[in-house]
Amino acid sequence: MPTRFDTILTDSLIEKFTSSGDWKNQTLLDHLEHWSAQRPDAIVTRDPYGAHTYAELSSDVETCARALVDLGVEPGDVVGIQLPNWYEWLVIHLGAIKAGAVTNGLIPIYRDREIGYMAKKASVSVLFVPNRFRKFDYPDMVDRLRPNLPELQHTIVLDAPGDEAFAGRDGFEKWADFLSRGERDSASDGCGRPPRRSNPSIGTNDVRTPTMSDSSSSPRARRAIPRA
């Protein structure tokens, strides 16, 4: 179910920065839609495994958003992303926004203690992790943490190109199988279309980034609210 957070974004702040023109009342999705129409074949992003155009990113974001809706994600739900700087991170983040969800970015080097705290604090319901990265097994970590993460409903596992593919097991879904959910919905007669995100001035679709304070104290949560 949707998770609610107190924020530092007040009506007076919205009015102040909107009136000044600093906030354009646009989200990253608005910019993606604009440039996908204006320059569909231009390169928008590169990662160690290749480059992608605005048109490719827009299509992949739509598929991801549909897949999240098919999983049962509702506006306000929290989607955790613990991935390296891969293209898929961007796809998931924008797809989650399009589905009305909130993303919780999780640094790949964090392990059981940090992720256990952050995912529980943010009430993460869907989590994306690599199969292996820098010789660490992320699905094994999720299995250890799962008893203490009552809100976690789905864990999606991604493979790095060239690495051994995730074999699959109970409690996990392969990235390709996840995407197939969105591809099925896109082939239907208008069913399963992701809901349009809320008015960006409300500040619903923001990024929650729980972080560790230091090694001698309990983790604390830090909130970042991006604006275009």
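Just so you know, residue 1 is the first one in the sequence shown, and it goes up from there.
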Minimum side-chain heavy-atom gap Q26-H31 below 4.5 Å: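 Result yes, sub-4.5 Å side-chain heavy-atom pair found.
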
Atom CZ of R39: over 12 foreign heavy atoms under 6.0 Å: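 Atom CZ in R39 is not packed in, count stays at 12 or less.
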
Close side-chain approach of H154 and V73, heavy atoms under 4.5 Å: no

Considering all heavy atoms, the nearest K98-A65 contact: CB-CB, 3.9 Å

Straight-line distance of L127 CG to F172 CZ, nearest 0.5 Å: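 Nearest 0.5 Å value for the CG-CZ distance: 9.0 Å.
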
T27 (side chain) donor-acceptor with L29 (main chain) under 3.5 angstrom: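 Indeed, once roles are kept as given, a pair shorter than 3.5 Å links the two residues.
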
Nearest non-hydrogen partners of L152 and R146, listed with the distance: CD2-NH1, 4.3 Å

Separation of I156 CD1 from I81 CD1 (nearest 0.5 Å):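 Here the rounded value is 12.0 Å.
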
I92 to C64 - nearest heavy-atom pair and separation: CA-SG, 3.8 Å

Under 3.5 Å: donor-acceptor pair, side chain of D112, backbone of I115: no

Verify same cluster id: I107, L149 (apolar side-chain graph, 4.5 Å):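 Yes, because I107 and L149 connect within a single hydrophobic cluster, where side-chain heavy atoms sit under 4.5 Å apart.
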
Atom pair CG/CG of L83 and L90 - distance to nearest 0.5 Å: 11.5 Å

Distance-minimising heavy-atom pair for A122 and N104: CB-OD1, 3.8 Å

Mutual orientation of the aromatic rings belonging to H93 and W89 [parallel < 30°, tilted 30-60°, perpendicular > 60°]: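 Plane angle between 30° and 60°, so tilted.
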
CZ on R144 to CE on M141, rounded to 0.5 Å: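 Going from CE on M141 over to CZ on R144, the span is 7.5 Å.
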
Partner residues of A176 under the side chain to side chain contact (heavy atoms under 4.5 Å, CB included) criterion, sequence neighbours left out: none

Residue pair K120, L145: steps toward the side chain to side chain contact (heavy atoms under 4.5 Å, CB included) verdict: CA-CA 10 Å; K120 186 173 183 178; L145 296 175; over 6 Å; no

Point-to-point distance, once rounded to the nearest 0.5 Å, from CG of L179 to CZ of R184: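 L179 CG to R184 CZ: 11.0 Å, rounded to 0.5 Å.
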
Test side chain to side chain contact (heavy atoms under 4.5 Å, CB included) applied to V44 - qualifying residues, sequence neighbours left out: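 With neighbours one apart ignored, the set is Y54, L57.
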
Under 3.5 Å donor-acceptor, D47 side chain and Y87 backbone: yes

Derivation of the salt bridge (charged side-chain N to carboxylate O under 4.0 Å, His left out) call for R169 and D140: CA-CA 11 Å; R169 61 177 187 257; D140 280 356; 2.9 Å; yes

Main-chain N/O of E56 paired to S59 side chain as donor or acceptor, under 3.5 Å: no

Passing option when T155 is tested against V124, V129, V126 for side-chain contact (heavy atoms from CB on, under 4.5 Å): V129

Main-chain N/O of D30 paired with E33 side-chain donor or acceptor, under 3.5 Å: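 No; judged by distance alone, with no hydrogens or angles, the pair does not exist.
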
Single-linkage hydrophobic cluster I43~L32, side-chain heavy atoms < 4.5 angstrom: no

Reference residue L158; test side-chain contact (heavy atoms from CB on, under 4.5 Å); the match among Y138, F128, F166, F133: F128

Exam field: side chain E173 to backbone F178, donor-acceptor pair closer than 3.5 Å: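 Side chain of E173 to backbone of F178: a pair is present.
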
Minimal non-hydrogen separation, A96 against T103, with atom names: CB-CG2, 3.5 Å

Between CG on residue D41 and OG on residue S36, distance to nearest 0.5 Å: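 The distance works out to 10.5 Å.
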
Heavy-atom closest pair, residues P40 and Q38: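 Of all heavy-atom pairs spanning P40 and Q38, the closest is CD-C, 3.6 Å.
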
Any side-chain heavy-atom pair of N131 and P139 under 4.5 Å: yes

